[in-house]
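The basis for the numbers below is simple: all heavy atoms, side chains too, and nothing from hydrogens, waters or symmetry mates.
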Amino acid sequence: MGVVESTRDRHGKVSTERRDYLRRLPVEVPLFARAVRGHRAVENHLHWTLDVVFGEDQRRARTGFAVANLSV
């Protein structure tokens with residue numbers, strides 16, 4: 001198991017977040033840190049694409065089957 005603790009200071013408000021990762025093989029800390037950062041970079045890029053390119057944040061499909069239909 002690997003644990004990442006992130007501390008963020010935004011406008012004078014400090015917050016701490018802990019994320020747990022399951023690993024199959026033992027790995028050195030620098031390699032683990034690089035893998036976590038790489039995963040986060042992919043996540044951030046995908047969310048940016050959904051938000052900016054596809055305008056996901058602007059969608060108002062929140063009722064009935066709209067969400068399920070859009071996900072298909």
**Asked** Given a cutoff of under 4.5 Å between side-chain heavy atoms of I, L, V, M, F, W and Y, with clusters grown through shared members, what are the other residues clustered with Tyr21?
**Response** Val4, Val27, Leu31, Phe32, Val36
**salt bridge (charged side-chain N to carboxylate O under 4.0 Å, His left out) partners for Arg34, two or more places apart** = none
**Prompt:** How is the hydrophobic cluster of Leu22 composed, in terms of its other members, when Ile, Leu, Val, Met, Phe, Trp and Tyr link through side-chain heavy atoms under 4.5 Å apart, directly or indirectly?
**Reply:** Met1
**Prompt:** Are Arg19 and Ser6 close enough, and set up right, to give a side chain to side chain contact (heavy atoms under 4.5 Å, CB included), and what steps lead you there?
**Reply:** CA-CA 8 Å; Arg19 295 183 306 275; Ser6 302; 3.3 Å; yes
**Request:** Answer yes or no: are there more than 12 heavy-atom neighbours, outside Arg10 itself, under 6.0 Å from its atom CZ?
**Result:** no
**Prompt:** More than 12 foreign heavy atoms under 6.0 Å from CD of Glu17: is that the case here?
**Reply:** yes
